[in-house]
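Heavy atoms only: backbone and side chains are in, while hydrogens, waters and symmetry mates are out. In what follows, every chain begins at residue 1, and chains take the letters A, B, ... in the order their sequences are listed.
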Amino acid sequence: MDHFPTNWGRPRNDAHDAYGTFPIPQRPQNRVNDSFSDAVQRTQQPIVTGTSVLALKYKDGILMAADNLASYGSLARFKDVQRLQAVGSTTVVGAGGDMSDFQYIQKFLDELVIDEFSAHDGHDLGPAEIHEYLSQVMYARRSKMNPLWNSLLVGGFKDGKRFLSYVDLLGTTYSASTLATGYGAYLAQPILRKEVEGREDTLTEEEAKKIMETCMKVLFYRDARSLDKYQFATITAQGVTISESQFLTTSWSFAEGIRGYGAQTQ
Amino acid sequence: MDYNGGSVIAMLGKDCVAIAADLRLGNQALGISADFQRVFPITDRIYLGLPGLATDVATLYERFRFRVNMYTIKEGREIEPETFAHLVSSTLYERRFGPYFVEPVMAGISRTPTGKIKPFIAATDLIGCLNFAKDFVVAGTASQKLYGVAEGLWEPDLEPEDLFETISQTMLNAVDRDAFSGWGAVVHVITKDKVVTRTLKGRMD
Amino acid sequence: MVSLAQQQPIQQSFNPYTENGGTILAVSGADFSVIAGDTRQSEGYNIQTRYAPKVFKLTDKAVLAVNGFAADGNMFVKKVKQRLEWYRHAHAKDMPIRSIARLIQTMLYARRFFPYYVYNILGGIEEDGTGAVYSFDPVGSYEREACRAAGAAQSLVQPFLDNQIYFKNQTPAPGTSFPQHLPLQTVLALVIDSFTGATERHIEVGDGLEMYVVLSRGSTALQSLQSIRGVQEITATNDGERVFVIRKELKKD
């Protein structure tokens with residue numbers, strides 16, 4: 001329905017003068033009269049990006065991991081970026097993809113948590129609610145053709161229940177006992193599934209961290225947009241803990257024997 | 001591959017094999033012929049189905065006939081199905097970078113050195129990658145549908161009459177859901193001492 | 001020079017759709033309906049999860065299966081459920097299945113120019129107590145049928161169903177005729193065969209199978225259902241219709 005009566009009864013195509021009224025009459029331009037309105041900036045591609053986020057279920061809760069790198073294309077641009085964010089007291093959101101979009105997400109999630117707190121109605125947002133909210137926002141933005149260019153993992157522990165779910169720029173969601181975004185889906189997920197599936201209720205935090213470290217190591221060796229500096233997040237009955245940044249100990253001595261890999265001069 | 005349409009399936013039974021093909025020849029969506037034979041006898045015990053581009057079907061059949069004749073003359077004996085499968089494969093691979101648009105399906109009965117008989121089926125893609133299956137092989141525009149129905153109907157060690165029923169039902173129901181195949185079908189059931197060929201009536205829409 | 005309608009900056013790289021694999025299937029009987037779907041969710045060669053339901057109970061007489069783009073599917077189910085709740089509040093009863101079918105058509109067609117990339121199959125019990133299956137395309141064309149498969153392995157499953165449910169290309173033995181409706185046990189066996197077959201030959205199908213069974217008031221299919229291992233009743237009201245779910249494992253490779 002055209003809500004502008006001046007257009008009624010006139011040909012739809014401005015270029016076609018069906019009534020022979022040459023010169024073609026000028027129609028009112030039914031647009032916002034804003035000099036920037038026809039140049040709206042949208043995220044059409046990610047710019048500063050984070051790589052994989054990993055997460056798994058273990059005996060006492062959820063363990064997540066992500067490195068501290070934010071890349072600008074192939075340039076390792078920011079090396080002290082935290083990609084795991086606590087939301088409320090029972091949830092952690094981990095992000096891959098565009099870091100500016102992630103900062104925007106952090107901002108509105110923090111506002112959301114404050115709003116909920118201010119209501120002081122005896123309810124607080126758990127991981128399931130945060131995930132649902134996030135997936136609605138992500139889906140709404142993809143439907144406006146203006147996506148938030150991220151793959152997000154939501155991990156949490158509330159009322160004795162572990163929660164782990166995924167949502168991405170298309171609004172696609174799913175959950176499983178192990179999740180990985182980006183290259184992690186190819187390199188780490190097979191390791192995680194092998195080590196974790198069927199052992200979710202017996203795996204200790206120590207064992208879980210060891211598995212996770214193996215995965216981060218594999219990613220650092222093979223994902224060119226990754227870093228050996230990373231953080232863990234645990235979400236248990238005790239609440240959220242996001243570790244200090246730690247380093248992977250890697251060995252590159254094998255490279256000496258491979259031409260084109262090590263420091264050979266010819 | 002769906003310029004002329006057409007589909008072929010072969011199934012293994014107990015001491016028997018069957019091969020079936022539809023009879024449609026089309027020009028894109030337009031049906032041209034309802035008695036286009038795309039299954040050919042190679043020897044008394046080997047049948048070859050050639051779904052794909054009709055001009056290549058004709059060309060390839062003649063090439064295979066030539067090569068099998070040469071083999072028979074040189075070796076002084078009939079070609080075995082396994083050998084023929086490799087002949088098909090290498091003939092197609094010769095044209096690796098300008099292939100014939102045909103996906104051959106073969107069925108036959110081979111004789112083992114001890115004198116026993118062994119039913120045999122095989123199929124290749126258009127550049128000759130061989131697939132020796134122990135159940136059934138399919139090819140052509142209705143191949144996905146043939147897979148689905150065959151996976152539901154086929155069972156091991158079917159007697160010739162049961163194998164005929166299974167392959168016929170598979171063929172007819174698969175091609176009825178395919179716009180490029182159908183218009184009747186032909187079925188050959190090969191046993192150690194005879195080949196029974198039947199033409200099936202199918203939906204003509 | 002006449003100025004033409006000014007050009008908006010157009011999106012090039014962002015594709016708002018993806019395809020998440022899987023297959024759904026529904027068959028109706030005389031006084032029951034079976035609605036089934038596998039539980040694998042994938043994107044390309046990646047299995048995202050081995051358990052993501054595609055079949056949802058709407059009411060005690062209607063079950064909806066969605067297949068295609070998972071995010072659209074989940075959103076669509078959410079919106080249908082919301083509309084059914086509004087109907088419940090306005091009319092103090094559950095919406096009949098033929099009305100749900102028409103509702104789904106209007107909801108899909110409302111998005112004609114930015115469609116939900118989803119194939120829907122609605123199964124359940126009609127007001128007259130008969131089993132019903134409605135199938136839809138992404139923009140709302142629909143029809144009532146006795147059986148329908150959709151999704152990644154539609155082309156594998158549908159001709160098999162034509163043969164085994166509609167008895168296509170079969171002739172009854174002299175003096176006999178084919179049954180108009182199949183018994184529940186036969187239908188369940190065919191559904192399981194369809195999915196094991198599809199799992200064998202299609203990479204996007206597998207992991208798990210969920211079969212919803214909706215029985216009409218006093219359906220005789222109840223006995224055969226109770227003998228099945230692992231059947232779970234999920235009926236919510238006392239209207240008479242009963243809903244059950246049967247879960248089975250499928251191959252995970």
Side chains of Ser219(C) and Asp31(C) only: does a donor on one sit below 3.5 Å from an acceptor on the other?
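Checked: Ser219(C)/Asp31(C) side chains pair up, N/O donor to acceptor below 3.5 Å.
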So, Tyr147(B) versus Glu200(C): side-chain donor-acceptor pair below 3.5 Å or not?
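Not at all, the side chains of Tyr147(B) and Glu200(C) share no donor-acceptor pair under 3.5 Å.
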For Gln169(B), is it the side chain, the backbone, both, or neither that has a heavy atom closer than 4.5 Å to a heavy atom of chain C?
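Side chain of Gln169(B) only, per the 4.5 Å heavy-atom cut-off to chain C.
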Output yes when a side-chain donor or acceptor of Ser7(B) lies under 3.5 Å from a complementary backbone atom of Ser181(B), and no otherwise.
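No; zero donor-acceptor contacts below 3.5 Å.
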Show, in sequence, the C-alpha distance, side-chain angles and deciding distance for Phe178(C) and Phe167(C), and conclude whether the ring pair (Phe, Tyr, Trp, His ring centres under 6.0 Å) test is met.
CA-CA 7 Å; Phe178(C) 288 126; Phe167(C) 298 105; 4.3 Å; yes
At a heavy-atom distance under 4.5 Å, which candidate from Leu200(B), Leu153(B), Leu146(B) has the highest pair count against chain C?
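That would be Leu153(B).
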For Gln154(C), is it the side chain, the backbone, both, or neither that has a heavy atom closer than 4.5 Å to a heavy atom of chain B?
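The answer is neither part of Gln154(C).
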